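What follows is one structure encoded as structure tokens, with my remarks underneath.
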2 protein chains.
Amino acid sequence: MKQNSLHVGTLAKGLRLLRAFDEAHVSLTLTELVERTGLEKSAVQRLAHTLHVEGMLDRDPDTRRYRPSHAWLELAYVYYWSDPLISRALPKLIEFSRTVGETVNLAQMSGDHIIYALRLPNHRTHFAASIVGRRVPALATASGRVMLATRSEAEYREACATWPLPAVTPLTITDRAVVEDDVIAARRNGYTITEAQVLLNEISLAVPIIGTDGRADAAVQVSLSSLTYDFDRVRREILPVLLDTTASIQG
Amino acid sequence: MKQNSLHVGTLAKGLRLLRAFDEAHVSLTLTELVERTGLEKSAVQRLAHTLHVEGMLDRDPDTRRYRPSHAWLELAYVYYWSDPLISRALPKLIEFSRTVGETVNLAQMSGDHIIYALRLPNHRTHFAASIVGRRVPALATASGRVMLATRSEAEYREACATWPLPAVTPLTITDRAVVEDDVIAARRNGYTITEAQVLLNEISLAVPIIGTDGRADAAVQVSLSSLTYDFDRVRREILPVLLDTTASIQG
DNA sequence: ATTTGAGTATCATTATTTGATACATTAGAT
DNA sequence: ATCTAATGTATCAAATAATGATACTCAAAT
């Protein structure tokens, strides 16, 4: 179990309990935790108990199910303060959201996924509105591709060849050559538009936030209904404002 | 150190490292972690290393400072899915935000504090816009008082007598009798308005979300500028819409 | 009434954490 | 540029604290 003498196995196991929860498993019993973590029953018993006492897990006294506690929100709060991009981007995104009236998100690269760090929903946003913290394979998203487009050729080719590219929707493009073409196009254009890659009937427009080294680790992405918009209209009406927004965040 | 044989001290210590980060300490060196946690240097070294390897802490290779990782956002994402109130309230809050055009928050009771679980900012929201996950002493907030007002007399009297009531701003009311009067008024009125209790020049209007047992564990709160609004105008223009909103969340 | 499954409690064993110490590297001062 | 203090890293013997097998309790289902 121990590879490095600095590795504290007990702590790692405790974190595995936290990771056992996801959108499909929002509350877990002791035995479910055993199944999902693969740990011994006794260990799970002790670790879950400790997480509960320490305030990281709530527990329903009747069903005895463990649930994420408010502490999980507090951690996100601290993350927001810790990431300077958030405070820089938020006022600009509010402004954008107000003038355009459509849902706007801030995405960041996180390994081979993107993670949504901010979302300002608009009035016709469907349920999955709370996607802050959600991870999606980068290649499947406009944000991911447009960020890759700012990297070196070696880097984006490697990514297009090896990063995960599951069929999130029936319409998700799983042909890596097509994805790479899209990245190459984004290098010229400075933006990417996709449709129905992550969500059906959703058009995504993304523009990178480019750092001082020319590389982007973040992007601003607008979610639009394909029932209301087509690519041309997006380019005409949304893109110019979005480019202003990202420029002001970089500045 | 161990009181209960089910308590796993190592895990608890690891969590202390996570809690060492807050809005004033967004990145920490090894020695700073030692200071803030009160643990041994060797222990902190191992625990921090483990948290880093397990993806809970990022590390700047130059400064060697530990920082919250994206995982902190992922946890909030899971929390959102785990709390049924979130998905019930969000569409209604979006609707409210759209018709009223002012910042609206969802607050939940968390011990003797409230915690902000959702925020939809408006365009003139000042910086501290990202307050999701922030905890504030319940007695100092309109949300906290209006929730207390739905509890039994014994309960709210106990709370008003013992819960923390620090002077968050120079204008925060620290007279517990006054706070209790406000709670009592909220029992009659079904809402509370405060001014400058948490933030100067901020008027807060809060209405409880009452559960089937008649108790409220959550409240919807609107943040308004006292430069634009006075209490009368708030009651006339905002309150009726807000009451509709909370009613629809309960239904 | 009996069985099953889930949660809880206990304890000897030993693997793991511990914390002291020594070493390496960095940053700050002169 | 050189030295010094502070910070970070690595190692290891000692013993504490986690382990996991087992037995017990309880509730729900047959």
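Just so it is clear: chains get the letters A, B, ... in the order the sequence lines come, proteins before strands, and each one is counted from 1. Side chains are part of it too, since the values below use all heavy atoms of this structure and drop only hydrogens, waters and symmetry mates. Computed from a predicted structure; not experimentally measured.
- Distance from the side chain of B/Glu40 is smallest for C/dA20 among the nucleotides C/dT17, C/dG7, C/dA20.
- Going from atom CZ of B/Arg64 over to atom C1' of D/dG8 covers 6 Å, rounded to whole Å.
- The A/Thr31 side chain lies nearest to C/dG7 when the options are C/dA20, C/dG7, D/dT9.
- Spacing between atom NE2 of A/His7 and atom C1' of C/dT17 amounts to 13 Å, rounded to whole angstrom units.
- Contact of B/Thr10 with D/dA18 (side chain to base): no donor-acceptor pair of N or O atoms is detected under 3.5 Å.
- For B/Arg46, no side-chain nitrogen or oxygen approaches OP1 or OP2 of D/dG8 to under 4.0 Å.
- Between C/dT18 and B/Lys13, a contact under 4.0 Å exists linking OP1 or OP2 to a side-chain N or O.
- A/Ser42 comes within 4.0 angstrom of a base, heavy atoms only.
- If you check the side chains of B/Gln108 and A/His70, you find a donor sitting under 3.5 Å from an acceptor.
- Between the CG atom of A/Leu47 and the P atom of D/dA17 there is a distance of 16 Å, rounded to whole Å.
- Nucleotides of DNA chain C nearest to A/Arg59 and A/Leu11 differ in position, and the one nearer the 5' end is that of A/Arg59.
- Checked by atom type, the side-chain pair A/Thr245/A/Ser248 shows no donor-acceptor distance below 3.5 Å.
- If you take CD of A/Gln45 and P of D/dT19, they are 12 Å apart, rounded to a whole angstrom.
- Rounding to whole angstrom units, CG of residue B/Asp62 and P of C/dT25 are separated by 16 Å.
- No more than 12 heavy atoms of other residues, nucleotides or ligands shown are found within 6.0 angstrom of CZ on A/Arg157.
- Distance B/Leu28 CG to D/dG8 P: 11 Å, rounded to the nearest Å.
- Under the 3.5 Å distance criterion, with hydrogens and angles disregarded, no donor-acceptor pair is assigned to the side chains of A/Arg64 and A/Thr29.
- For B/His49 and C/dT18, the NE2 to P distance is 14 Å, given to the nearest whole Å.
- Rounding to whole angstrom units, CG of residue B/Leu39 and C1' of C/dT17 are separated by 13 Å.
- At a threshold of 4.0 angstrom between heavy atoms, the contacts of A/Arg65 with the nucleic acid are absent.
- For the residue pair B/Glu23 / A/Tyr77, a side-chain donor-acceptor distance below 3.5 Å is found, with atom types taken as modelled.
- Counting only heavy atoms from C-beta on, B/Val8 has its side chain closest to D/dA18 among C/dT18, D/dA18, D/dA23.
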